[in-house]
Amino acid sequence: MMNQPSAISSMGIIQLANAIHHRQLSPVEVMEEFIQRIEQRNPILNAFVYTDFEQARQKARLAEAKVMSGDELGPLHGIPTAIKDLFDSKPGWPTTFGGVRALKNNIARTACLFTERMEQAGAIIVGKTNSPILGFRATTDNYLFGPTSNPYSLEKNAGGSSGGAAAAVADYLLPFAEATDAGGSIRIPAAWCGIYGYMPSFGRIPYIIRPNAFAGTNPFVYEGFVTRSVEDALLVLNSLVGFDARDPFCFPGKPHFTLPENLSLTGWKIGYTPNLDVFPIAGSIRKVIEESVNTFETLGAHVEQVNMGFRHDHAELTETWSRIIIPMSIMALESFKRSNFDLLADHRDDFPPEFLAWVDKGHRLTLLDHYRDLEIRSEVYDSFENLFETFDLLVMPTNGALPVDNAADGNTLGPDEINGVAVDPLIGWSPAYLINLTGHPAASIPAGLSPDGLPVGLQIVGHRHADADVLLASAAFEMARPWAQYYTERGPKTSS
């Protein structure tokens, strides 16, 4: 039996917002449609790991009352969304940090910034989406909740670490959802699920981490989101940006991003790297990417294949990223230990062996090791900055591999080889993590489908702080090569 989305649940954010503001749809009606969609599809996808429909319905009724009374409405008034079950929180809701079994009943007392700003904008948070344990891999699976399936092929994984969010948006369970990114976690699942994933410049959206306010720099950790269109992404972005003193690195002021009427890229210079010099890329992905890159030429840009000039191979770069980020996971465990909850001592079996191996490595790292890694990170940064002296944008594959099959043991890994070349199955098959070493804005846009009907993502990277350039190029590509067709032609599997 086919299970197509309803007319309402298939709407984007802008359509929903306009209909609510003009009293063509009520927030209660909208909420009921999305709750019904979640109840129908989540048992198949496992995108949500927690829902609070009672509270969502109550807030929808309050939102409807504001509409009828003529009160001023926020830009996202009455629109459902979700937060990620990792470091993100809403008071009274469980926070399992990516499916740690011992934290099943760990209840949050505070709200994360996404929760704060979405509710200020009028959005209604209906639940939490699945992610891997402490976000330390690019697939979504864990021992508590299990894997999140890919809407395009239900036996395959949605990607990670924001896989629950990406699957929910791709399959119309939500019009948008929170996604965070420390190594590709917005862009990787967006690419695998065929949707738009936007990671703004580091500092553009505040990211609040405690007890260490400076932890989000090693590597750069971004707050972001996934949507099905660029216009929708702009509406969410404008509701999230703005200074917050709790983040020592966030930008001052509150800009408002818009798209120009003319989406031409005439005169732009775009660098194209098929593999960032050193990363193996599956042939089926490379073929789709090469075809899609030509779209920028039709929009007036000059596209030129470039070399990055990296001095280290993909394995060394992956190890560098892993060494830089593992202290963040270790400190999260230490924070629980200070609260007399020693997860590693008392619940070691709650963690995958690959994660435990990296925790052990992390405890052996020295300060000198860290500074050596920062030198490699600086070389990566310099490679991007040198390229941007000549080019306005850089485009490349988001991932080197297509979606992998879900495991049955709660420990789905990525591929361990591509084109006969060994890669780290945690994250080494996706070069997306490199941008977390540099701080540039980046987006993954749907480039097309593989011969097997699986989505392929194209990554667009812009100058530091040049979010407007990435958004404009994304919108121009979407106009010239609309990816909404993938949802109707060979899109998400809607049969139950």
Side-chain angles (χ1 to χ4, degrees), residues 132 134-139 160-161 180-188 199 202 207 209 212 214-222 249 273 275-281 307-332 352 354-388 394 396-401 413-418 421-440 442 459 461 464:
L134 288 173
F136 198 79
R137 66 179 59 202
T139 49
S161 63
T180 56
D181 198 314
S185 292
I186 293 170
R187 296 155 289 148
I188 291 169
M199 185 182 76
F202 179 71
Y207 194 79
I209 302 178
N212 184 350
F214 298 88
T217 62
N218 286 303
F220 289 130
V221 182
Y222 302 76
F249 300 101
T273 171
N275 62 354
L276 289 106
D277 296 359
V278 296
F279 285 83
I281 306 293
N307 293 317
M308 300 300 298
F310 291 148
R311 292 162 48 189
H312 298 82
D313 66 21
H314 68 92
E316 293 171 312
L317 294 173
T318 301
E319 288 277 315
T320 299
W321 176 87
S322 299
R323 286 192 298 266
I324 288 174
I325 198 173
I326 193 59
M328 186 183 298
S329 294
I330 292 174
M331 288 308 298
E354 297 82 8
F355 175 77
L356 293 174
W358 265 109
V359 169
D360 291 341
K361 288 181 186 179
H363 280 293
R364 296 194 298 269
L365 292 174
T366 66
L367 187 58
L368 185 58
D369 292 330
H370 179 64
Y371 270 78
R372 287 174 178 146
D373 285 335
L374 292 183
E375 287 186 357
I376 297 175
R377 181 179 183 177
S378 298
E379 291 173 9
V380 172
Y381 174 81
D382 289 343
S383 296
F384 278 90
E385 284 299 297
N386 290 339
L387 184 139
F388 284 127
L394 178 66
M396 68 193 80
T398 304
N399 297 322
L413 297 168
D416 57 15
E417 64 90 17
I418 300 173
V421 178
V423 293
D424 176 2
L426 290 179
I427 199 170
W429 44 271
S430 176
Y433 68 79
L434 288 176
I435 314 305
N436 297 86
L437 301 178
T438 69
H440 295 83
Q459 185 171 205
V461 184
R464 292 182 71 238

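Below, each value reflects all heavy atoms present in this structure, side chains not excepted, and no hydrogens, waters or symmetry copies.
V423 places a side-chain heavy atom less than 4.5 Å from the side chain of P280. Between I326 and K361 the shortest side-chain heavy-atom distance does not fall below 4.5 Å. Residues H370 and L365 form no side-chain contact, since every pair of their non-hydrogen atoms from C-beta on lies 4.5 Å or further apart. Counting heavy atoms from C-beta on, the side chains of F136 and I325 come closer than 4.5 Å. Looking at L387 and M308, their side chains come closer than 4.5 Å, going by heavy atoms from C-beta outward. For the pair L317/E379, no side-chain contact is recorded, criterion being any heavy-atom separation below 4.5 Å from C-beta on. At a threshold of 4.5 Å between non-hydrogen side-chain atoms, the residues T320 and H312 do not count as touching. Between F202 and Y222 there is a side-chain heavy-atom pair separated by less than 4.5 Å.
Atom CG of residue L368 and atom CG of residue D373 lie 10.0 Å apart, to the nearest 0.5 angstrom. One distance of note links OH of Y381 with CG of N386; it measures 10.0 Å at 0.5 Å rounding. Taken from NE2 in H314 to CG in L434, the straight-line distance is 12.0 Å, to the nearest 0.5 Å. For the atom pair CG of D416 and CG of D424, the computed distance is 10.0 Å after rounding to the nearest 0.5 Å. Within the model, atoms CD of E354 and OG of S322 stand 12.0 Å from one another, a figure rounded to the nearest 0.5 Å.
Residues satisfying the salt bridge (charged side-chain N to carboxylate O under 4.0 Å, His left out) test with E417, not counting sequence neighbours, are none. Residues that satisfy the side chain to side chain contact (heavy atoms under 4.5 Å, CB included) test with N275, not counting sequence neighbours, are T273, I281, R286. Residues satisfying the side-chain hydrogen bond (donor to acceptor under 3.5 Å, both in side chains) criterion with T438, sequence neighbours excluded, are H440. Scanning for side-chain hydrogen bond (donor to acceptor under 3.5 Å, both in side chains) contacts around D181 gives R187, N436, with sequence neighbours left out. For E316, there are no salt bridge (charged side-chain N to carboxylate O under 4.0 Å, His left out) partners two or more places apart in sequence or in a different chain. Under the salt bridge (charged side-chain N to carboxylate O under 4.0 Å, His left out) criterion, D313 pairs with no residue at all, not counting sequence neighbours.
Here the closest heavy-atom approach between residue M328 and residue G216 is recorded as CE-CA, 4.4 Å. In plain terms, the two heavy atoms of Q459 and A432 that are nearest each other are NE2-CA, 4.0 Å. Residues L276 and F310 share a closest heavy-atom pair of O-CD1, 3.4 Å. Of all heavy-atom pairs between G183 and I188, the closest is O-CD1, 3.8 Å. Nearest heavy atom pair, residue D277 against residue N307, reads OD1-CA, 3.5 Å. Here the closest heavy-atom approach between residue W321 and residue A182 is recorded as NE1-O, 3.0 Å.
The aromatic rings of Y433 and F279 sit perpendicular to each other, their planes meeting at more than 60°, with 30° as the lower class boundary.
Ring centroid separation for the pair F249 and F214 comes in under the 6.0 Å cut-off.
Formation of a donor-acceptor pair under 3.5 Å by the N218 side chain with backbone atoms of I324 is not found in this model.
A side-chain donor from one of T366 and D369 sits under 3.5 Å from a side-chain acceptor of the other.
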